[in-house]
Every structure is written in structure tokens, then in C-alpha cells.
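Heavy atoms only: backbone and side chains are in, while hydrogens, waters and symmetry mates are out.
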Amino acid sequence: MLKNPNELNNKTKMLPVENERRLHIKCQLLQVSYCHLVPPLILFLTKNPDVSPSTLSTINTIVSGGAPLGKKVSEELTERLKIPVLQGN
């Protein structure tokens, strides 16, 4: 069972993403470990060659929400970046 990060006494940050190209940089700088992202941002992380496993090494889990995420995209991101992607309700 996946626990809510707030139950684990972690800090929660809401990041406005004005430029998707900076998302992975912000995650790295803030040492984000758990992300809730919309499918277009997950697709960006999956397809962008500048995003590598080392740039997102602190992230343990990504949760997709807001719209359904295709199984293929989820599997591609998990395979390429070694980060599990869960579909939110």
C-alpha cells in the first residue's frame, strides 16, 4: 500500500511549471521524491533526451492524475528512467 507522503512527515511543495523544460531541474534542485503530474508532463519526461535517470535520481514514485495516462507511456517512462508510474483516481 502506498502511503500519502504527508503521513510520513515529508514536506509538500506545489510547483507551478511555467516552463516544462525546467521541471526536471526543479525536481533535482528540491530533491523531490514523490510527484503528482498530469499526463502531458509525464510524456515530456518520457520523450525529452535531456531528462536522464541521474537528473531525476531522487524521485521514487510518479503518480499520474487529471486524465488517464496511456499504459505505453507509463511503461516507457518506467523503463527509461527507472521510476514507477501509478495511475491516480
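Residues satisfying the side-chain contact (heavy atoms from CB on, under 4.5 Å) criterion with Ser52, sequence neighbours excluded, are Ser54, Thr55.
One distance of note links CD of Gln31 with CD1 of Ile59; it measures 11.5 Å at 0.5 Å rounding. For the atom pair Asn60 CG and Tyr34 OH, the distance stands at 10.5 Å (nearest 0.5 Å). We find the OG1-CG distance between Thr58 and Leu30 to be 9.0 Å, quoted to the nearest 0.5 Å. Residue Ile83 holds its CD1 atom at 11.0 Å from OG of Ser33, rounded to the nearest 0.5 Å.
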Exercise answer: donor-acceptor pairs, residues 37-51 side-chain atoms, under 3.5 Å, sequence neighbours excluded:
unit_1: Thr46; atom_1: OG1; unit_2: Ile42; atom_2: O; d: 2.8
unit_1: Lys47; atom_1: NZ; unit_2: Glu76; atom_2: OE1; d: 2.8
unit_1: Asn48; atom_1: OD1; unit_2: Asp50; atom_2: N; d: 2.6

Counting only pairs under 3.5 Å, give me each side-chain donor-acceptor contact of residues 65-73, with atom names and distances, residues two or more places apart or in other chains.
none

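Listed by first then second residue, pairs satisfying salt bridge (Lys or Arg N to Asp or Glu O under 4.0 Å) with a partner in residues 27-44 number zero, not counting sequence neighbours.
The shortest side-chain heavy-atom distance between Ser74 and Ser64 does not fall under the 4.5 Å cut-off.
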